[in-house]
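Count residues from 1 along the sequence.
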Amino acid sequence: MDSFGAVAADRPSLATCSVGALLLVLGTLIAGCAARPLDVPIDPGVDFAAHVEHRGLVIDRAPGGQPAVLAPAPTLPFTSGPTYLLQADNKTMAALWVKDAGHVTVRRTSDPAAPVIGRVIAHWNRGAISLTLVPVDGLELRTSEFERTAGPSHPAVLTQGATVLDVRGIYQAELHDPTGASAGWLRVRISPSMAAPRIYEGVLPAFVQEPLATAAIALVDSDVDYIENHAADVYLGN
């Protein structure tokens, strides 16, 4: 156990569960996701923005990057291929290998021997997620837990609540470098009444490349999936 707490053993693997809406119908992917993309407003003060929609996890803005979509890779079971591909203009920008619920390796291509861009490790302390970002070219970064800044008063951090209503709100995690100095932040907004049910935003150091930032958000989004799936649905039966 480290200072972030033990990794939760009951968290589902991204390899077998959705990352938000990432488990797409294969035919939809082949068709090029012809449905009209969502028009999600982007905070002008952030350098990273993403949202969840039918196509998967959509990256709207990234430092030095371009709009992209994270979607399941067409990898056969029990092979060494990636779990997800980050694609833009039908080209693969990076590939993600999911080891378990809390560990993602990001490579430049879908080749298992391709250079590593970095890794992201999730930690849970009493159900609240935090992250370690380990870029190959840059400082290791750690986040705080995602603390609520708007919405219901409970829970105070992003963790499982009694009902799906408890999860809604805005949560923000601070990024720190190895000296403890502030290095930016990540934020998630959760509400069915927005243009997208989950909107992610952040301010990141320049050395955190788009694929690594995407992997971090994918882990958080998978955790939100887990939380919502294990909370009571107040609308059930209505």
Side-chain angles (χ1 to χ4, degrees), residues 1-20 22 48 50 57 59 62-63 70 72-73 80-86 93-108 110 112 114-147 157-160 171-188 198 200-227:
M1 179 180 296
D2 59 20
S3 61
F4 285 88
V7 173
D10 60 345
R11 282 300 196 268
S13 169
L14 298 184
T16 56
C17 299
S18 64
V19 181
L22 293 183
F48 181 87
L57 184 62
I59 312 306
L70 183 68
S80 58
T83 314
Y84 296 98
L85 298 178
L86 182 63
M93 300 171 56
L96 279 61
W97 275 258
V98 179
K99 181 179 179 180
D100 52 42
H103 191 285
V104 179
T105 298
V106 185
R107 297 181 182 273
R108 296 192 181 280
S110 58
V116 174
I117 294 174
R119 294 178 173 83
V120 183
I121 305 164
H123 317 265
W124 284 272
N125 179 20
R126 297 181 180 180
I129 191 172
S130 60
L131 305 171
T132 300
L133 284 68
V134 189
V136 170
D137 299 318
L139 298 174
E140 178 177 301
L141 301 173
R142 291 195 174 194
T143 76
S144 64
E145 295 174 356
F146 284 77
E147 297 182 358
V157 295
L158 183 58
T159 188
Q160 189 168 344
Y171 303 84
Q172 184 164 314
E174 302 302 316
L175 274 169
H176 297 96
D177 68 17
T179 71
S182 178
W185 50 267
L186 291 171
R187 179 170 65 207
V188 55
R198 299 172 196 161
Y200 295 91
E201 297 161 319
V203 173
L204 303 169
F207 59 79
V208 178
Q209 299 181 39
E210 179 176 0
L212 191 64
T214 300
I217 293 303
L219 281 172
V220 176
D221 198 64
S222 179
D223 195 58
V224 177
D225 261 349
Y226 178 89
I227 291 169

| message | Any non-hydrogen side-chain atom of I117 less than 4.5 Å from a side-chain atom of R107? | response | no
| task | Indicate the atoms forming the closest heavy-atom contact of A95 with L85, along with that distance. | result | CB-CD2, 3.8 Å
| Which heavy atom of P112 sits nearest a heavy atom of S80, and at what distance? | CG-O, 3.4 Å
| field | Closest contact, heavy atoms only, V120 versus A215 | value | CG2-CB, 3.9 Å
| Hey, does the side chain of D100 reach the backbone of H103 with a donor-acceptor pair shorter than 3.5 angstrom? | yes
| query | Judged by atom type as modelled, is there a donor-acceptor pair below 3.5 Å linking the side chain of R119 to the main-chain atoms of V104? | reply | no
| So, for E140 and P135, which heavy atoms are closest and what is the spacing to 0.1 Å? | CA-CD, 4.3 Å
| field | Spacing of L204 atom CG and L186 atom CG [to the nearest 0.5 Å] | value | 5.5 Å
| request: First locate atom CG of L175, then atom CG of L133, and finally report the distance between them rounded to the nearest 0.5 Å. | output: 6.5 Å
| note | When every non-hydrogen atom of L86 is compared with those of P211, the smallest separation belongs to CD2-CA, 3.8 Å
| task | Go through I217 and F48 one step at a time and tell me if the side-chain contact (heavy atoms from CB on, under 4.5 Å) criterion holds. | result | CA-CA 10 Å; I217 293 303; F48 181 87; 3.5 Å; yes
| message | With a 3.5 Å distance limit and no angle check, can you tell me whether W97 reaches the backbone of V106 through a side-chain donor-acceptor pair? | response | no
| task | Indicate yes or no: at least one non-hydrogen side-chain atom of L139 is less than 4.5 angstrom from one of F207. | result | yes
| query | Should L70 and I59 count as side-chain neighbours, where that means a heavy-atom distance under 4.5 Å? | reply | no
| message | So does E210 get a backbone contact from the side chain of T214, meaning a donor-acceptor N/O pair under 3.5 Å? | response | yes
| said: I'd like to know if the side chain of R198 reaches the main chain of V188, judged simply by a donor and an acceptor atom lying under 3.5 Å from each other, with no hydrogens or angles considered. | reply: no
| query | Got a second to check how far E145's CD is from R126's CZ, nearest 0.5 Å? | reply | 9.5 Å
| task | Nearest 0.5 Å please: distance from the CE atom of M93 over to the CZ atom of R108. | result | 11.0 Å
| task | Might you work through the side chain to side chain donor-acceptor pair (under 3.5 Å) test for H176 and S182, ending with a clear yes or no? | result | CA-CA 5 Å; H176 297 96; S182 178; 5.5 Å; no
| message | With a 3.5 Å distance limit and no angle check, can you tell me whether T83 reaches the backbone of V98 through a side-chain donor-acceptor pair? | response | yes
| field | Minimum heavy-atom distance I227-Q160, with the two atoms named | value | CG2-CA, 3.7 Å
| task | Flag the pair V224 / Y200 as yes when at least one side-chain heavy-atom distance between them is below 4.5 Å, and no otherwise. | result | yes
| task | Output the distance between atom CZ (F146) and atom CG (L158), rounded to the nearest 0.5 Å. | result | 7.0 Å
| said: Working to the nearest 0.5 angstrom, can you tell me the gap between D221 CG and Y226 OH? | reply: 16.0 Å
| query | When L131 is tested against each of V220, L141, D223 for side-chain contact (heavy atoms from CB on, under 4.5 Å), which residue passes? | reply | V220
| Under 3.5 Å, side chain of S144 to main-chain N/O of A173, donor-acceptor pair present? | no
